[in-house]
Amino acid sequence: MSRILITSAIPYINGIKHLGNLVGSQLPADLFARYCRARGHEVLFLCATDEHGTPAELAAAKAGMPVAEYCAQMHRTQAKLAAGFRLSFDHFGRSSSPQNHRLTQHFAGKLAENGFIAEVTEKQVYSHADGRFLPDRYIEGTCPNCGYDKARGDQCENCTKQLDPTDLIEPRSAISGSTDLEIRETKHLYLRQSALKDDLDAWIDSKTDWPVLTTSIAKKWLHDGDGLKDRGITRDLDWGIPVRKGEEEWPGMEGKVFYVWFDAPIEYIACAAEWAQAQGLDEADWQSWWRTDAGADDVRYVQFMGKDNVPFHTLSFPATLMGSREPWKLVDYIKSFNYLNYDGGQFSTSQGRGVFMDQALEILPADYWRWWLLSNAPETSDSEFTWEKFQGGVNKDLADVLGNFVSRVTKFCRSKFGEEVPVGGDLTEEGAKLIAELDTRIAAYVAHMDAIDIRKAATELRAIWVAGNEFLQTAAPWTSFKTDPDRAASDIRLALNLIRLYAVISAPFLPDASAKLMEALRCETADWPGDVGEALAFMKPGHSFVVPNTLFAKIPDEDREDWAERFAGQRT
RNA sequence: GGGCCUGUAGCUCAAUUGGUUAGAGCAGAGCGCUCAUAACGCUUUGGUUGCGGGUUCAAGUCCUGCCGGGCCUACCA
C-alpha cells in the first residue's frame, strides 16, 4: 500500500464548466483516485474552486452580487455538480479560504527572504469610469497593424499581432466602453523564476516518464528566447489575497492582492489544510501529505490538468515551492490532456456552445458521461464530441455489451434456477478458459490503470465485458440445461460471479452502475480481485440476488437529434 | 514569424520504441444462437501508413523537403 496525493486543476469560479473542462482534469483525476482506493492505497484527492481575479469580479457585478457572495454561491453550485458526476474529492476547497490566505502570504514572505521576489514599478492602464486598473485584454481599440476595431490590448484577434495596450488607437475599456483611461505607475512583485531556471531545468530533465505534452511545454518556456521570464504575482484588485510578507505588512504594496496564478496552486496545499480542519484532524495530518520532513517522502503526488495549465504546474508553482527553501513535496507525475472539441468546433463558455455539466446531468445519469468521456479522453491529441459518437459508444458498450450481459444472465438464472446462485456441477472447461483469459486481461487492465493510460484501460475493460458474452455463447447454458442441468448451474454460477467481478473492476469508471449491481447481488465487500478463480467463486450456491432493473437504457435517435439541436448554440 | 504535437481502414484509435503477413472497436456483408435491452457469438470486406526523396539487411517508426490539421507563444484563468 502506498500513499497517493491526487489533485485536479482547480476550476475557475466564473460559471458552470463544460464537458471539455471536466474530461481534462477532474474526471480522469477521479478515475485514478477511485482506482487507487480500490487497490487499497491511501488516497488524498483534492480539488477546489479558483476564486480570485478580474473575471470573478466582473461576473459578480453582472449578477448584481458582492463578489464574496457570488463566489460562495458558485462554489456550492460547482460542488453540487461535482457530486452529481460522482467526483470523489476528499475535500473540495476554495482558494479564498483562510488557509490559503495564510499559506500564500507565507510563501511570498519566504520567497522575499530568499531573494526570489523583485519589486518592479510599471505602467498600467487605469480606467476612471470603472475605478480599476485594466488587464491588457480588457482594453479594446483599433489595431495599429490591420485596423481591426475590436483588437484587445494583448493581441489582435484579427491579424494575431502581439500588442501592448498603448499601441491601440482610441483605446477604451472593454468593461464599460469608457475612453477615460490613464496610464499610471504602479508597483508590483515579480517571482524571479529566472533565478531558479537551472533547478527547474534539471528537475524537468529528471522526469523522463512524463507525457511529451507536459515536458515539451515546460522545455519551451525554459528555453524560448532569453529563457524563463520572471512573472508578476500581484495585481491592483480588491478581491484576492492581500499582499503581505508572511505575517508582516509589505510596505508599498498596500491595497494590492496576489495574482490568481500565484495563489491558485498554493490552494492545493491549503486545501489539504481545509480537509484536515473539516475532518477534525490536526496540522500534522495534512502536513504528512505535503512536507517531506513530516512524512510526505513516501507520498506519490499526481496532478491532472488540461494542457493550458502545464506552464504553471511545471514552472511557476515548483519555483514557488523550491524558492521557499522549505521541504515541500513536489509533484511526481503530471498527466496532461488535450482539448475535447464539440461537433467540429470548440466548446465555448461565452457562446454557450456544447454541453455544460448541469445540462449533461439533466439529460442522462453520470455513468453515461463518465464512460464516454473517459473512453474517449483527449490523451494523445484533441478529440471530438459528437452526438452520433456519444450515442453509438454508450449504446454499444454500456447497453449492449455490459447491460445486456447482466440482463441475460440474471434473467436466465431466475427462470431456470430461481433468484439465487444455483447449486451443483463442477467448473466446466469453458469456465476454466474464461478464468485464464480474465487473468491475462485483468493484468493488462491494471497495468494501463497504473500507467494512467485511460483509453487503453477503457478498451481493455470493454474487452473484459465482451469475454463474458463469448463465454455464454460457447457454454450455452440454455442448451446444456436440458440434458445436464448441473453443467448449466456451474456456468451460471460463474456468470453471476462475473457480474460481481465487473461491478468491482468497473467501479472507477461507473460508480453508480457498480453500486446498483452490488446491491442487486446482495454483496457488500468489493475487494479488488486477486486470484480470478477465487473471485469467481465468491458468491456461494444458495446466495440470493434480485434481477436488477435495466442497467443502461439505450439512447434513441429522437433524443439524439433533439439534443444536437438544443446544444448547437446559445444556451438558454 | 518561432516552437511543439499530429496525419495509419468510411469513422475513432492501436502497433511492445527500427524487426515476420500493420491490428482492434464502430459502421458494412454473411452465417450461427434464441438466455437477453431487435441484444449476443463467429466469419468476412476494407490500408501504396498525407506526398516526394534519403539512411538501413529491415522504416508506420529515423533524417530531409513539401502539403494538411491542432496547440502554445508568458496580462483569461
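For the numbers below, each heavy atom of this structure counts, side chains included, while hydrogens, waters and symmetry mates do not. Residue numbering restarts at 1 for every chain, and letters A, B, ... go by the order of the sequence lines.
- For A:S407, the listed nucleotide lying nearest its side chain is B:A36; candidates were B:U34, B:A77, B:A36.
- When the nearest nucleotides of RNA chain B are assigned to A:K220 and A:L402 by heavy-atom distance, the more 5′-ward of the two goes with A:K220.
- When distances run from any side-chain atom of A:R408 to the nucleotides B:C40, B:G70, B:A39, the shortest one goes to B:C40.
- Figure legend. B:U55 is base-paired to no nucleotide; pairs are counted as Watson-Crick or G-U wobble with both atom distances under 3.5 Å.
- Pairing partner, B:U61: none, since no Watson-Crick or wobble contact has both distances short of 3.5 Å.
- Across all strands, A:Q124 comes closer than 4.0 Å to base atoms (heavy-atom distances).
- In this model, the phosphate group of B:A77 is not approached by any side-chain N or O of A:Y138 to a distance below 4.0 Å at OP1 or OP2.
- Within the 3.5 Å criterion, the main-chain N or O of A:I555 finds a donor-acceptor partner in the side chain of A:Q391.
- At whole-Å resolution of the value, CH2 in A:W261 and P in B:C75 are 13 Å apart.
- For B:G32, the paired nucleotide is B:C40, the pair qualifying as Watson-Crick or G-U wobble because both relevant distances are below 3.5 Å.
- Atom C1' of B:G41 sits at a distance of 30 Å from the matching atom of B:U20, rounded to the whole Å.
- Here the rule is side-chain contact (heavy atoms from CB on, under 4.5 Å) with A:L498, and of A:V409, A:V406, A:L438 only A:L438 fits it.
- The CD-P distance, from A:E384 to B:C26, rounds to 20 Å in whole Å.
- At least one donor-acceptor pair closer than 3.5 Å links the side chain of A:W372 to the backbone N or O of A:K389.
- Not one N or O on the side chain of A:S176 forms a donor-acceptor pair closer than 3.5 Å with the backbone of A:D130.
- Within the 4.0 Å cut-off from OP1 or OP2 of B:U37, at least one side-chain nitrogen or oxygen of A:K411 is found.
- Heavy atoms of A:G468 sit nowhere under 4.0 angstrom from any nucleic acid atom.
- Closest to the A:K456 side chain, of the nucleotides B:G41, B:U37, B:A15, is B:A15.
- Between A:L434 atom CG and B:G41 atom P there is a gap of 14 Å when expressed in whole angstrom units.
- Between the side chains of A:T314 and A:W210, no donor-acceptor pair is found at a separation under 3.5 Å.
- Atoms CH2 and CG, on A:W371 and A:L461 in that order, are 5.0 Å from each other to the nearest 0.5 Å.
- The side chain of A:R235 sits closest to B:C75 out of B:C75, B:U37, B:G41.
- Pair check for B:G1 finds B:U73; Watson-Crick or G-U wobble, both atom distances under 3.5 Å.
- Put simply, the side chain of A:E57 gets close to the backbone of A:W239: a donor and an acceptor are under 3.5 Å apart.
- For A:K396, counting side-chain heavy atoms from C-beta on, the closest listed nucleotide (B:G25, B:C71, B:C40) is B:C40.
- In this structure, A:G403 reaches the bases: a heavy-atom distance under 4.0 Å links it to at least one base atom across the strands shown.
- Note on A:R455: every side-chain N or O is 4.0 Å or more away from OP1 and OP2 of B:U12.
- Spacing between atom OH of A:Y445 and atom P of B:A14 amounts to 19 Å, rounded to whole angstrom units.
- Pairing of B:C66, defined by two Watson-Crick or G-U wobble distances under 3.5 Å, is identified with B:G50.
- With hydrogens and angles ignored, the 3.5 Å screen pairs a side-chain donor or acceptor of A:E267 with a backbone N or O of A:R94.
- The separation between A:N376 atom CG and B:C13 atom P is 8 Å, rounded to whole Å.
- Pair check for B:U20 finds none; no Watson-Crick or G-U wobble contact set falls under 3.5 Å.
- Of all nucleotides listed (B:G41, B:A36, B:A74), B:A74 comes nearest to the side chain of A:W221.
- The distance from atom CZ of A:R184 to atom C1' of B:C75 is 18 Å, rounded to the nearest whole Å.
- A:D308 comes within contact range of at least one nucleobase, with a heavy-atom separation under 4.0 Å.
- For the OP1/OP2 pair of B:C35 and a distance below 4.0 Å, the side-chain nitrogens and oxygens of A:R414 include no atom meeting the criterion.
- Put simply, the side chain of A:E388 and the base of B:C11 share no donor and acceptor less than 3.5 Å apart.
- A stacked arrangement is not assigned to A:F412 and the six-membered base ring of B:C35, the conditions of a centre distance below 5.5 Å and an interplanar angle below 30° not being jointly met.
- When the side-chain nitrogen and oxygen atoms of A:K123 are compared with OP1 and OP2 of B:C75, none of them lie within a distance under 4.0 Å.
- If A:I10 and A:P311 are placed on RNA chain B by their nearest nucleotide, the residue sitting closer to the 5' end is A:P311.
- With both pairing distances under 3.5 Å, B:A9 is matched to nothing as a Watson-Crick or G-U wobble pair.
- Of the P atoms belonging to B:C33 and B:A59, the separation is 47 Å, rounded to the nearest Å.
- Interface remark: the A:N404 side chain does form a donor-acceptor pair with the B:A36 base, using a distance-only criterion of under 3.5 Å.
- When each of B:A74, B:C35, B:C72 is scored by its nearest atom to the side-chain atoms of A:Y339, the top-ranked nucleotide is B:C72.
- In this structure, B:U8 shows a glycosidic angle more than 90 degrees from zero, which is the anti conformation.
- Across the protein-nucleic acid pair, A:F481 atom CZ and B:U34 atom C1' stand 16 Å apart, rounded to whole Å.
- As judged by a 4.0 angstrom heavy-atom cut-off over every strand, A:E51 is placed among residues making no nucleic acid contact.
- Going from atom CG of A:L191 over to atom P of B:C75 covers 12 Å, rounded to whole Å.
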